[in-house]
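Every heavy atom of this structure was used, including side-chain atoms; hydrogens, water molecules and symmetry mates were not. Naming: A, B, ... by sequence-line order, numbering from 1 per chain.
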Number of protein chains: 2
Amino acid sequence: MARSMHVRRPATLASLAAELGVSRTTVSNAYNRPDQLSPELRRRVLDTARRLGYPGPDPVARSLRTRKAGAVGLLLTENLSYAFRDPAAIGFLEGLALACEDAGTGLLLVPANPEREDVASVHRAGVDGFVVYSVPDDDPHLAAVLERPVPTVVCDQPDLGTVDRVGIDDRGAMYELAKHLISLGHRRVGVVCMRLARDRNDGFVTAERQHAAHFHVQRNRLSGLAEAFSEAGVDWSQVPVVERFDHNMASGASGAAQVLDKDPQITALICTSDVLALGAMTEAARRGLRVPHDLSVTGFDGIREAEAAALTTVRQPVLEKGRAAGKLLLDSSERTRPRSVNLATELIIGKTSAAPRGGAEERWFGP
Amino acid sequence: MARSMHVRRPATLASLAAELGVSRTTVSNAYNRPDQLSPELRRRVLDTARRLGYPGPDPVARSLRTRKAGAVGLLLTENLSYAFRDPAAIGFLEGLALACEDAGTGLLLVPANPEREDVASVHRAGVDGFVVYSVPDDDPHLAAVLERPVPTVVCDQPDLGTVDRVGIDDRGAMYELAKHLISLGHRRVGVVCMRLARDRNDGFVTAERQHAAHFHVQRNRLSGLAEAFSEAGVDWSQVPVVERFDHNMASGASGAAQVLDKDPQITALICTSDVLALGAMTEAARRGLRVPHDLSVTGFDGIREAEAAALTTVRQPVLEKGRAAGKLLLDSSERTRPRSVNLATELIIGKTSAAPRGGAEERWFGP
DNA sequence: AATTGGTTCTGAACCGTTACGGTCACTTCA
DNA sequence: TGAAGTGACCGTAACGGTTCAGAACCAATT
């Protein structure tokens with residue numbers, strides 16, 4: 001009798017209880033609250049479970065009842081695998097994973113293909129909260145996350161006022177970097193930046209597009225640059241700014257090429273990420289331009305590869321950012337208002353920035 | 001009336017249905033099967049949903065009913081964050097993520113702290129299947145996964161016969177690498193390997209421990225070495241093999257130091273991973289040993305950094321491995337027996353291996 | 001007038017658990 | 001001897017959906 005129907009239906013708490021002649025509660029307690037029943041009975045329950053091939057309480061059913069999924073979702077609008085290609089993203093993930101393992105929580109990578117407007121993956125994710133990392137502010141996936149009744153923390157996003165946020169002062173950091181270049185004597189510069197919106201635009205960027213950029217991070221870095229150079233008397237609208245949709249070294253190289261073709265006279269090339277900057281360096285080398293003698297190149301992020309290349313850049317604590325995001329999300333203390341955390345950055349003066357050729361003369365004859 | 005009790009309880013399918021005076025089925029259909037009801041009614045449902053702040057069907061409840069979680073679990077027994085520190089692991093994850101995004105599936109990183117024997121995280125994971133990546137064969141988390149009634153694919157594990165498997169021929173690849181060194185004339189060698197079991201043993205490894213190693217990958221690589229060198233007339237039991245629990249460059253350096261202290265006469269240092277090999281190179285440099293003139297160093301994996309260092313190594317397709325694992329898991333075609341996939345590897349002869357000093361003479365006078 | 005077919009919507013069963021508030025028999029203590 | 005306490009277990013009611021076999025209705029066909 002007991003073994004008939006073999007594996008027709010997998011055993012459940014109820015079938016186990018029936019087999020044993022006890023209540024479902026008791027079986028449940030055998031797994032979750034050993035102190036609620038006698039050791040003998042518990043042993044009997046567990047033994048029969050093994051015999052019947054009962055794998056223990058179903059996690060989904062338990063989640064439904066307890067209203068805890070034991071996982072946090074990570075939304076980053078890129079193909080999922082991008083998370084493992086981009087150095088900064090990897091660092092962020094490591095920090096987030098650190099926070100998760102401390103809390104014994106799982107980390108669910110939510111697929112959010114930026115091409116399709118398919119928000120179903122967000123709706124389908126059984127999680128206790130979301131971390132949103134660097135998506136455009138008009139991303140439908142972000143909107144879908146915000147509609148879900150779970151705590152959320154956004155990273156590298158504008159302060160929404162309704163959810164926790166962690167980020168850095170992109171604008172201020174880039175302003176400082178610009179000041180550094182300006183103090184070296186650079187007045188004629190070019191920029192290569194990451195994508196500014198969901199639509200692909202591999203080319204020059206109008207002032208309007210800069211202002212309307214949907215990627216908070218890029219918008220603020222550009223605005224920091226614009227402010228510093230404007231203060232230094234440079235007409236920002238004349239500065240060539242080139243955008244690249246894909247974020248890799250090849251983009252950095254081709255972006256640099258486009259800027260240098262447009263204005264071969266520039267003395268510094270400012271990239272809004274280290275990856276782009278490293279790509280730009282290869283293009284400079286290809287053209288026989290010596291860095292920093294003929295051309296200064298700067299990045300942003302402070303990834304390991306940049307350090308190895310002695311790149312002038314802004315170091316941001318990507319790992320800490322991830323960890324802070326996780327902590328914010330997992331710290332369930334009751335709070336009335338959303339919190340906003342800004343992490344410190346550090347300007348790293350490497351060996352890829354120096355005074356421009358003839359920069360001294362310019363200053364001698366200048367005002 | 002409609003807005004009383006404000007957000008006392010978040011709206012549910014049922015409350016929405018009640019508000020609208022329709023059945024729950026209809027509301028459900030409004031979300032999942034638009035063709036099952038009139039456009040007007042559907043619009044009315046969706047509008048009221050928005051007005052009541054109903055975020056759409058609860059994913060957990062849906063999962064319970066449909067028996068689909070929309071996610072696969074990844075178990076790798078290390079602190080979760082390790083996945084983002086180890087280059088090979090990152091590559092594997094990228095491949096797995098690729099397969100997941102193709103299928104529109106989420107990827108749940110299951111926390112499995114190797115210190116604690118806490119298997120609860122495996123039980124709590126609401127997933128449609130598991131990928132198990134390079135855990136010791138006696139790992140309790142692995143056992144817990146195998147008890148779960150979901151499809152599983154193991155990576156870099158022995159063939160369990162009951163679940164799908166993907167891996168490489170570690171033994172054969174290492175045998176080939178050893179043959180390369182032997183043909184160069186190396187007879188006196190040392191080995192630095194990764195952890196062989198769950199217990200920490202930072203030191204020399206007995207023959208017995210080599211055989212009993214619980215990490216399939218390491219066991220096979222060592223056994224490939226032992227076979228090749230034994231065939232070449234080397235008494236393997238006299239070869240110093242040093243183990244390191246932590247997998248990073250520092251371990252490679254200290255492991256190399258330990259081997260070289262034990263036998264300064266060795267002409268080649270074989271490491272079972274590129275990361276260890278790169279660490280060994282720094283130690284060689286520290287001692288003033290020129291690679292490969294004074295000492296040959298080899299690795300395993302074929303990570304980018306190894307390529308940059310022109311390391312002699314075995315390249316394995318880590319990304320493809322991850323992708324293959326994902327495909328195997330997500331390919332739901334009915335199959336009778338578990339599949340086993342072996343991916344090809346490639347011996348890369350770099351600039352870190354050469355004939356030993358005096359190697360030629362040895363052969364002149366040899367048999 | 002009866003049949004057919006199609007669309008739109010409903011009722012009830014089911015998914016597998018856990019939370020909550022008991023009951024009941026058996027001490028323990030004054 | 002009665003009141004209070006304790007340990008072990010149980011019944012019921014959710015948790016929030018999906019599914020499937022119809023019911024009700026209407027128009028078109030036979």
| Atom pair CG/CG of A/Leu41 and A/Leu20 - distance to nearest 0.5 Å | 7.5 Å
| Between A/Gly167 and A/Asp156, which heavy-atom pair has the shortest distance, and what is it? | CA-OD1, 3.9 Å
| task | Identify the heavy atoms of B/Ala125 and B/Val110 that sit nearest to each other, and give their distance. | result | CB-CG2, 4.1 Å
| message | Let me check the geometry of the helix from C/dA1-D/dT30 to C/dA30-D/dT1. What is the bend angle between the axes at its two ends, five pairs each, to 10°? | response | 50°
| query | For B/Arg42, does the CZ atom sit with more than 12 other heavy atoms under 6.0 Å from it, leaving out its own atoms? | reply | yes
| query | Got a sec: does the CZ of A/Arg339 have more than 12 other heavy atoms crowding it under 6.0 Å? | reply | yes
Tell me the interatomic distance from [X], atom [atom1], to [N], atom [atom2], rounded to whole angstroms.
X        : N      : atom1 : atom2 : answer
B/Arg44  : C/dT8  : CZ    : P     : 15 Å
B/Lys68  : C/dC15 : NZ    : P     : 16 Å
B/Leu13  : C/dG11 : CG    : P     : 14 Å
A/Arg124 : D/dG17 : CZ    : P     : 15 Å
B/Arg42  : C/dC9  : CZ    : P     : 12 Å
B/Leu20  : C/dC9  : CG    : P     : 11 Å
A/Gln36  : C/dC20 : CD    : P     : 13 Å
B/Asn32  : C/dC9  : CG    : C1'   : 16 Å

| request: Could you work out which one of C/dT17, C/dG16, D/dT18 sits closest to the side chain of B/Arg67? | output: C/dG16
| query | When you measure from the side chain of B/Asn29, which nucleotide among C/dT10, C/dG16, C/dT18 comes out closest? | reply | C/dT10
| Can the ring centroids of B/Phe84 and A/Phe84 be said to lie less than 6.0 angstrom from one another? | yes
Is [X] touching bases, backbone alone, or none of the nucleic acid, heavy atoms closer than 4.0 Å?
X       : answer
A/Tyr31 : nothing
B/Leu64 : base
B/Arg33 : sugar-phosphate
B/Thr26 : base
B/Val60 : nothing

Has the side chain of [X] got a donor or acceptor that lies under 3.5 Å from a partner of the other kind on the base of [N]?
X       : N      : answer
A/Arg65 : C/dT18 : yes
A/Arg62 : C/dT17 : no
A/Thr25 : D/dG11 : yes

| request: By nearest nucleotide on DNA chain C, pick out whichever of B/Leu41 and A/Arg24 is the more 5' one. | output: B/Leu41
Each nucleotide N or O in nucleotides 22-28 of chain D that has a protein N or O under 3.5 Å away: list the pair and distance.
none

| Does the B/Thr152 side chain pair with the main chain of B/Val150, one donor and one acceptor, at a distance under 3.5 Å? | yes
| task | Decide whether B/Thr25 and B/Ser28 meet the rule of one side-chain donor and one side-chain acceptor closer than 3.5 Å. | result | no
| message | Quick check on D/dC10: is either OP1 or OP2 less than 4.0 Å from any side-chain nitrogen or oxygen of A/Ser23? | response | yes
| message | Counting only side-chain nitrogens and oxygens, does B/Thr66 get under 4.0 Å of the OP1 or OP2 atom of D/dT18? | response | no
| query | Can you list the steps and then say if B/Val122 with B/Phe130 is a side chain to side chain contact (heavy atoms under 4.5 Å, CB included)? | reply | CA-CA 10 Å; B/Val122 172; B/Phe130 278 100; 4.2 Å; yes
| side-chain hydrogen bond (donor to acceptor under 3.5 Å, both in side chains) evaluation trace for B/Asn32 with B/Arg62 | CA-CA 11 Å; B/Asn32 306 317; B/Arg62 166 184 289 162; 3.1 Å; yes
